[in-house]
Amino acid sequence: MKKILVVALSIVVALGITSCGKGKKADYPKKGVTMICPWGAGGGTDAILRAVCSSAEKYLGTTITVENKTGGAGSIGYRAIKDAKPDGYTIGMITFELSSNPWQGLQDFTYEAYDPLLMVNTDAATITVKGDAPYNTLAEFVDYCKKNPGKVNIGNSAPGSVWHIAAGLFAAQAGIDVKHVPFEGAAGAVTAVAGGHIEAVSVSLAEVKSQLDAGNVKVLAIMDSKRPVAYPNIPTMKELGYDIEYGTWRGIGLPKGISKDIKDKLFDVFTKAMNDPDFIAAAKKLNQNITYMDSEVFATFLKTNYEGTGATMKKLGLVK
């Protein structure tokens, strides 16, 4: 299994040593910037994007308006970013599904269609069930699934999404027969499990946090290298005997052709935003991991992640 590469670089160092050179000062911006979010409001991508944009506005000197363009497992939003005029006024957030969609034939372009600016965040998948479900541990859930083959529904954010793949990896290792139910973003899936319409979801901890805090759901395990600091009672998959460490990534992508001086300006702005105390506090409150990669490292990561995701999806039978 190809694991997601998580490179946590020092943001403080990155502020002084970056992969972007110093271009001439851009006569930019003259107006507000639109930030495209390929996923729905209320989900993890939308939340972290709005948080980093809020801080970035301080350094850009103008408004950044987040626009949700959803559908096609993120491909509609990805295409809107790719096809935007390369003037720096329409940019967007790219996520893990940029690596999985092409393998399913959902889009005819890859990470190569963008100029990667920087990585913002990574989050591990969880297995989350309804708060009053009759199983309180992962072992009990697996046993329930084996006693009810083909009847247990595990929700995800879209067909072939990172959360679909995560659930597939879990089901394969556990030897269980379940139904994978797609939603248009994680928020709908979480609402469905909290309401008892499906048995489980495989989304991030950040995306189930509010329902977890309200007691409407319970998290049986997380696909991370360590237990979450805010919820130390949630075990990792590895602790429970499953060799699974998997999750999503999110970063800022630019349409090809933006001038170097504007790209340098945006790089400087968003690097400062990620080091801003307000953004750090917001990410902590959202229970999301800040994972910084500069443009050069992010570009290398995108290639590796695309190839690794394809290999994993082939093993799960998700490649068309």
Side-chain angles (χ1 to χ4, degrees), residues 2 4-5 19-20 33-40 43-46 48-49 66-122 156-166 168 182-186 247-260 262-263 266-267 270 293-320:
K2 190 76 175 181
I4 275 188
L5 173 65
S19 61
C20 292
V33 171
T34 295
M35 176 70 76
I36 294 173
C37 177
W39 299 97
T45 302
D46 179 75
I48 198 71
L49 181 55
V66 175
E67 183 177 344
N68 300 87
K69 286 185 175 290
T70 64
S75 62
I76 290 178
Y78 298 147
R79 186 175 295 278
I81 301 167
K82 176 182 77 71
D83 293 344
K85 186 177 180 180
D87 58 5
Y89 290 104
T90 301
I91 60 178
M93 177 158 269
I94 54 177
T95 65
F96 174 92
E97 286 71 23
L98 186 61
S99 290
S100 61
N101 285 350
W103 295 106
Q104 300 179 91
L106 294 176
Q107 60 191 53
D108 57 1
F109 57 93
T110 69
Y111 66 94
E112 294 177 306
Y114 307 87
D115 279 335
L117 190 68
L118 47 75
M119 181 183 278
V120 174
N121 155 260
T122 55
N156 59 67
S157 55
S161 65
V162 61
W163 307 137
H164 184 184
I165 296 170
F183 289 79
E184 197 58 64
T248 195
W249 55 262
R250 304 177 178 105
I252 306 297
L254 312 177
K256 288 278 190 179
I258 289 181
S259 66
K260 184 179 183 299
I262 292 178
K263 182 177 179 180
L266 288 168
F267 179 81
F270 278 94
M293 290 184 191
D294 67 20
S295 302
E296 184 176 348
V297 177
F298 190 27
T300 300
F301 168 85
L302 289 173
K303 180 178 186 298
T304 301
N305 187 252
Y306 175 71
E307 294 170 351
T309 297
T312 300
M313 292 179 70
K314 287 175 184 178
K315 291 179 182 178
L316 294 172
L318 296 175
V319 173
K320 290 187 178 181

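Because the structure is predicted, anything quoted here is derived from the model rather than measured. For the numbers below, each heavy atom of this structure counts, side chains included, while hydrogens, waters and symmetry mates do not.
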Salt bridge (charged side-chain N to carboxylate O under 4.0 Å, His left out) pairs, two or more places apart, involving residues 79-88: R79-D108

Between CZ on residue F96 and CH2 on residue W163, distance to nearest 0.5 Å: 9.0 Å

L118 side chain reached by M293 side chain, heavy atoms, under 4.5 Å: no

Heavy-atom pair with the smallest gap, counting every atom of L98 and P102: O-CD, 3.3 Å

Closest approach of W39 to S157 (non-hydrogen atoms, all atoms of both residues): CZ3-O, 3.8 Å

Between OG1 on residue T300 and NZ on residue K303, distance to nearest 0.5 Å: 9.0 Å

Residue pairs fulfilling salt bridge (charged side-chain N to carboxylate O under 4.0 Å, His left out) with at least one residue in residues 249-258, sequence neighbours excluded: D115-K256, D123-R250, E207-R250

Minimum heavy-atom distance between F301 and M119, given as atom pair plus value: CE2-CE, 3.4 Å

Side-chain heavy atoms of I258 within contact of Y89, under 4.5 Å: no

Stepwise side chain to side chain contact (heavy atoms under 4.5 Å, CB included) test for Y78 and L106: CA-CA 11 Å; Y78 298 147; L106 294 176; over 6 Å; no

S295 side-chain N/O to L117 backbone N/O, donor-acceptor pair under 3.5 Å: yes

Sub-4.5 Å side-chain heavy-atom contact between M93 and I48: yes

Pairs meeting criterion salt bridge (charged side-chain N to carboxylate O under 4.0 Å, His left out) with involvement of residues 92-105, two or more places apart: none

Heavy-atom side-chain proximity of Y114 to L254 below 4.5 angstrom: no

Heavy-atom closest pair, residues G74 and P38: O-CB, 3.5 Å

Side chain to side chain contact (heavy atoms under 4.5 Å, CB included) partners for S75, two or more places apart: N101, Q107

Y306 side chain to S100 side chain, donor-acceptor N/O pair below 3.5 angstrom: no

Reported CG-to-OG1 distance for the pair L302 and T110, which is rounded to 0.5 angstrom: 9.0 Å

Close side-chain approach of I165 to L316, heavy-atom, < 4.5 Å: yes

Least distance between heavy atoms, A84 atom then P255 atom: O-CB, 3.6 Å

Partners meeting side chain to side chain contact (heavy atoms under 4.5 Å, CB included) with K314 (sequence neighbours left out): W103, V319

Sequence-distant partners of F270, ring-ring contact (aromatic ring centres under 6.0 Å, His included), two or more places apart: none

Any I81 side-chain heavy atom under 4.5 Å of T90 side chain: no

Residues which pass side chain to side chain contact (heavy atoms under 4.5 Å, CB included) with D46, listed by chain and number, not counting sequence neighbours: C37, A41, R50, V66, N68

Side-chain heavy-atom pair W249, S99 within 4.5 angstrom cut-off: yes

Result of checking N121, I252, V120, I36 against L49 for side chain to side chain contact (heavy atoms under 4.5 Å, CB included): I252

I91 and L266, any side-chain heavy atoms less than 4.5 Å apart: yes

Side chain to side chain contact (heavy atoms under 4.5 Å, CB included) against A299, all qualifying residues, sequence neighbours excluded: P116

